[in-house]
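What follows is a single structure, written as structure tokens, with notes after it.
Atoms within each ligand, like the ligands themselves, are counted from 1 in listed order. All residue numbers in this chain count up from 1 along the given sequence.
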Amino acid sequence: MTEMTTDGTACTAPTLRPGDLSNPVAVAQALIRLPSVSPDPGESQQLLASMLETLGFSVTHLPFGEGAERTPNFFARLGTGGPHICYAGHTDVVPPGRVDDWRYPPYEAHIADGLLYGRGACDMKGGIAAFVAAVARQVAAGGVQGSISLLITGDEEGPATYGTSKVLEWMQAHDQIPDYCLVGEPTNPRVLGEMVKVGRRGSLNAQIVVEGTQGHVAYPQRADNPAHRLLAVLEALRATPLDHGTQYFEPSSLQVTSIDIGNDATNVIPARLRHN
Ligand SMILES: [Zn+2]
């Protein structure tokens, strides 16, 4: 079956047999072929939940939030005893950007030269596929001692207000807190297994609005160009160290992610601009 993705490229709906679940590449391809730009509209999570139910997990869907902000999440557990290890992850992905810039379409899950190409292959449908395949192989080998759970959110890349933190509150209220947790985020830039992260960076997002005075470029003395002011502000911020890092973490950094002027005229000095 072929359907169209939101960006107009064709993708093939996944057809996975239970035996495929022990193959992480097949699982990752099936997940990548369901576009799930944050917040995940839910299809890839439904597929993942059905895979886990096939393996014997009991799945509790936990959509938190209201209306359009409702975030799909679920908690799935196989077994009831201890020790209890939880695999944590997210099904949403960041937008693909310009589709023409991709070597292969972002939702085709194309394999070339031993590499899987697709939005989320690395962060982190590949990690989730590894969770599924590991459990499938353990189930096939005779089952699980203790219990394994998956904490899956559909909003990690966005505001994440109704994501992992809300599921954790639910887990605490329902006596489901694990003994161990493994987060499947990509952490090995060069070689698999080169590092295990012992923590997670925090983040602070800010928006700067610079006001100026509009004017014609031929009369700059009668205007106040906010673009010029912003350059000075950004350079000062960028040149100021936030901290010096630690034994385990690199120094904090400030990253400019967007500068928006929205000025179509080349002969007008804008009145206002902002950057994130
Ligand atoms: Zn991630």
Margin query: Quick check: do Tyr117 and Trp102 have side-chain heavy atoms less than 4.5 Å from each other?
Written below: no
Checklist entry - Given side chains that start at C-beta, do those of Ser147 and Ile85 come closer than 4.5 Å, heavy atoms only? => result no
Closest to the Zn ion (ligand 1), among the N/O/S atoms of Asp123, is atom OD1
Of all N, O or S atoms in His90, the one closest to the Zn ion (ligand 1) is NE2
- Query: Using 30° and 60° as the class limits, which term best fits the ring planes of Trp170 and His174: parallel, tilted or perpendicular?
  - Reply: parallel
#### Entry: Residues Ser38, Asp92; criterion side chain to side chain donor-acceptor pair (under 3.5 Å); working and verdict
CA-CA 5 Å; Ser38 192; Asp92 59 317; 2.8 Å; yes
Problem set entry | Contact flag Glu185/the Zn ion (ligand 1), N/O/S atoms, threshold under 2.8 Å | yes
